[in-house]
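Comments concern the structure below.
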Amino acid sequence: GDSGESSTVNCSYETKQYPALFWYVQYLGEGPQLLLRAQRDNKKGSNKGFEATYNTETTSFHLEKALVQESDSAVYYCALSDTVTETAGGAENKL
Ligand SMILES: *[C@@H]1O[C@H](CO)[C@@H](O)[C@H](O)[C@H]1NC(C)=O
């Protein structure tokens with residue numbers, strides 16, 4: 001939309017596990033890149049004005065940004081890890 005609006009991209013999940021949750025962003029002509037992540041319930045991930053809170057009660061991880069710019073036009077992917085241990089080794093390097 002126009003710049004200056006706030007925006008939310010909803011993400012809900014169904015799992016009995018407590019996986020790490022991620023938002024990836026993919027700008028036109030580029031590969032997906034990690035935007036933010038949260039490891040546990042009630043943890044908030046934030047980056048570049050975006051934020052998302054890990055909520056196991058509502059099983060949501062909605063991505064929010066207060067002031068959306070034209071340059072935020074991209075594809076946003078919500079993702080979760082199957083197991084926390086699976087990402088533990090490599091995640092830091094990717095940041
Ligand atoms: C997004 O989530 C919010 C809060 O859970 C809800 O009120 C809203 O209806 C959802 N929007 C869509 C498009 O699902």
Side-chain angles (χ1 to χ4, degrees):
D2 299 329
S3 69
E5 292 175 4
S6 73
S7 181
T8 301
V9 185
N10 280 7
C11 175
S12 299
Y13 48 90
E14 262 181 64
T15 176
K16 298 255 186 324
Q17 312 291 319
Y18 294 92
L21 299 177
F22 306 85
W23 274 102
Y24 285 83
V25 58
Q26 182 170 23
Y27 298 104
L28 192 65
E30 296 182 20
Q33 48 188 293
L34 183 62
L35 180 61
L36 57 82
R37 62 178 173 167
Q39 303 279 92
R40 294 196 296 279
D41 192 20
N42 293 319
K43 289 288 177 188
K44 185 192 281 184
S46 60
N47 187 18
K48 298 176 184 169
F50 290 90
E51 59 180 50
T53 302
Y54 195 145
N55 189 329
T56 55
E57 207 166 295
T58 57
T59 60
S60 68
F61 190 53
H62 301 330
L63 183 69
E64 294 171 35
K65 196 184 188 212
L67 295 171
V68 177
Q69 312 287 323
E70 199 69 45
S71 58
D72 293 324
S73 288
V75 182
Y76 293 85
Y77 299 96
C78 183
L80 58 80
S81 67
D82 283 352
T83 63
V84 174
T85 48
E86 196 171 291
T87 55
E92 297 299 328
N93 294 334
K94 287 176 187 166
L95 293 174

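Each ligand, and each atom within it, is numbered from 1 in the order the structure gives. Everything quoted here is computed from the prediction, not taken from an experiment.
- Proximity of a side-chain donor or acceptor of Y54 to a complementary backbone N or O of P19 within less than 3.5 Å is detected.
- Side-chain contact between H62 and C78 is absent, with no heavy-atom pair separated by less than 4.5 Å.
- Clustering ILVMFWY residues whenever any of their side-chain heavy atoms sit less than 4.5 angstrom apart, transitively, puts V75 in the very cluster that holds L34.
- What sits closest to atom 5 (O) of ligand 1 on the protein, heavy atoms only, is H62 NE2, 3.3 Å.
- Distance from atom 12 (C) of ligand 1 to its nearest protein heavy atom, with residue and atom name: N10 ND2, 3.1 Å.
- Between F50 and Y76, the ring planes lie tilted relative to each other; the angle falls in the 30° to 60° range.
- For atom 9 (O) of ligand 1, the protein comes within 4.0 Å by no heavy atom at all.
- In this structure, atom 2 (O) of ligand 1 has protein heavy atoms in its sub-4.0 angstrom surroundings.
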